[in-house]
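To start, the structure itself, in structure tokens.
Predicted model only: the values in this text are computed from it and were never measured. For this chain, numbers begin at 1 and follow the sequence in order.
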Amino acid sequence: MPDPLEVILIGIGTGNPEHMTLQAIRALNRADVVLLPRKGAEKGDLAALRRSLFADVVSNPATRMVEFDMPVRDASIHDYLARVDDWHDAIARAWQDALSAYPDTRAVALMVWGDPALYDSTLRIAGRLGRPARITVIPGIMAPQALTAAHAIPLNAVGEPFLVTTGRRLREEGWPEGVETLLVMLDGDCAFRTLDPRGVTIWWGAFLGMANQIVYHGPLAEAGPRIAAARAAARAEHGWIMDTYLLRRHSASAP
């Protein structure tokens, strides 16, 4: 029986080429195939960045880059979890189709934005391949790290917990009980606008680590409207946006 395919999931950070670790570079250079998703013209610069990283760090002539078109979610499926489940199946099939032209592939790598462990589906998709696979994960810099570095702040207050959540959960459920610091990701609609802003400070960042990085911070009542406007303008300019933010109530102990 042949050895299982090795699927190497490589965290590449949040857009800065210098986020690449030596471990990540070595992993790319031992892969037979590096899969690169194309997500349409609006997100063409994401594919371009991955191509640039590949060209800069891959010196092994036997490593080839293979591009594939990323499936989109089926908007006709109204249940969120069912829609995501169907989408993951479609992506796994796209991987298999892309690899079908290279049947001798023993190790395939994917460059994952940020880190494969945080709000990323690549690990789940890798488990849906129609052949035995061994998963190797190379960690990368996560968006919360890039955000707090950009603002030069700690993620947590002294001796206090923090909670990582999504914009959808914040909008639907409000501020969770028992925590004073929230790290919010996957927020396409500025859910902080649904909160009572009194006593809350926000630190926001978009395109973190990239040349076009944008950051704002301040009391939520004052900074919130500026952030919403800046986000809308940046998304209109680029056709896409990746952003995250930290919220902290003033009752939390000082950093």
* Test: D189 and R193 ion pair at under 4.0 Å ->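 Yes.
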Of the non-hydrogen atoms in [X] and [Y], which two are nearest, and what is the gap between them?
X    : Y    : result
M185 : A143 : CE-CB, 3.9 Å
I202 : A223 : CG2-CB, 3.8 Å
R248 : L155 : NH2-O, 2.7 Å
A47  : P37  : CB-O, 4.0 Å
M142 : T14  : C-CG2, 4.0 Å
V137 : P116 : CG1-CG, 3.9 Å

Just wondering, do [Y] and [X] contact through their side chains at under 4.5 Å, heavy atoms?
X    : Y    : answer
R169 : P176 : no
D187 : T166 : no
T148 : P144 : no
R64  : V66  : yes
L28  : T63  : no
M111 : V34  : yes
V164 : Y119 : yes
V7   : L129 : yes

Residues, nucleotides or ligands: over 12 heavy atoms within 6.0 Å of [X] [atom1]:
X    : atom1 : result
R124 : CZ    : no
H151 : NE2   : yes
R38  : CZ    : yes
E18  : CD    : no

* **Listed partners of F162 passing ring pair (Phe, Tyr, Trp, His ring centres under 6.0 Å), at least two apart** =>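 Partners of F162 under the ring pair (Phe, Tyr, Trp, His ring centres under 6.0 Å) test: none.
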To the nearest 0.5 Å, what is the distance between [atom1] on [X] and [atom2] on [Y]?
X    : Y    : atom1 : atom2 : value
R198 : L220 : CZ    : CG    : 12.0 Å
W175 : L247 : CH2   : CG    : 5.0 Å
N16  : I141 : CG    : CD1   : 7.5 Å
L183 : T165 : CG    : OG1   : 9.5 Å
M65  : L36  : CE    : CG    : 5.5 Å
I153 : T181 : CD1   : OG1   : 9.0 Å

* With a 3.5 Å cut-off and no angle check, do the side chains of D32 and Y102 form a donor-acceptor pair? ->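 Judged by distance alone, the side chains do not pair up.
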If hydrophobic clusters are built by linking Ile, Leu, Val, Met, Phe, Trp and Tyr wherever their side-chain heavy atoms come under 4.5 Å apart, do [X] and [Y] end up in the same one?
X    : Y   : answer
L123 : L99 : yes
L9   : L53 : no
I10  : M70 : no
I135 : L5  : yes
I12  : V58 : yes

Say whether, by atom type as modelled, one donor and one acceptor occur between the side chain of [X] and the main chain of [Y] under 3.5 angstrom.
X    : Y    : answer
T105 : V108 : no
N29  : S59  : yes
R171 : A191 : no
R30  : A107 : no
T21  : A24  : yes
D85  : L81  : no
Q213 : G209 : yes

* **Residues D74, W87; criterion side-chain contact (heavy atoms from CB on, under 4.5 Å); working and verdict** => CA-CA 7 Å; D74 186 348; W87 182 48; over 6 Å; no
* salt bridge (charged side-chain N to carboxylate O under 4.0 Å, His left out) between D243 and R231: does it pass, once the steps are laid out? -> CA-CA 8 Å; D243 62 328; R231 187 186 194 281; 2.9 Å; yes
* To do: Starting from the C-alpha separation in whole Å, work towards a yes-or-no answer on side-chain contact (heavy atoms from CB on, under 4.5 Å) for L182 and L170.
  => CA-CA 9 Å; L182 303 179; L170 183 64; 3.9 Å; yes
* Is the H217 to Y245 ring centre distance short of 6.0 Å? ->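 No, too far apart.
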* Centroid-centroid distance, W240 to F207, less than 6.0 Å ->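 Yes, ring centres under 6.0 Å apart.
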* **Cation over ring face, R128 and W95, 6.0 Å, 45°** =>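 Here R128 fails the 6.0 Å and 45° test against W95.
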* To do: Would you please name every residue forming a side-chain hydrogen bond (donor to acceptor under 3.5 Å, both in side chains) with T136, sequence neighbours left out?
  =>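 Here the qualifying residues are E6.
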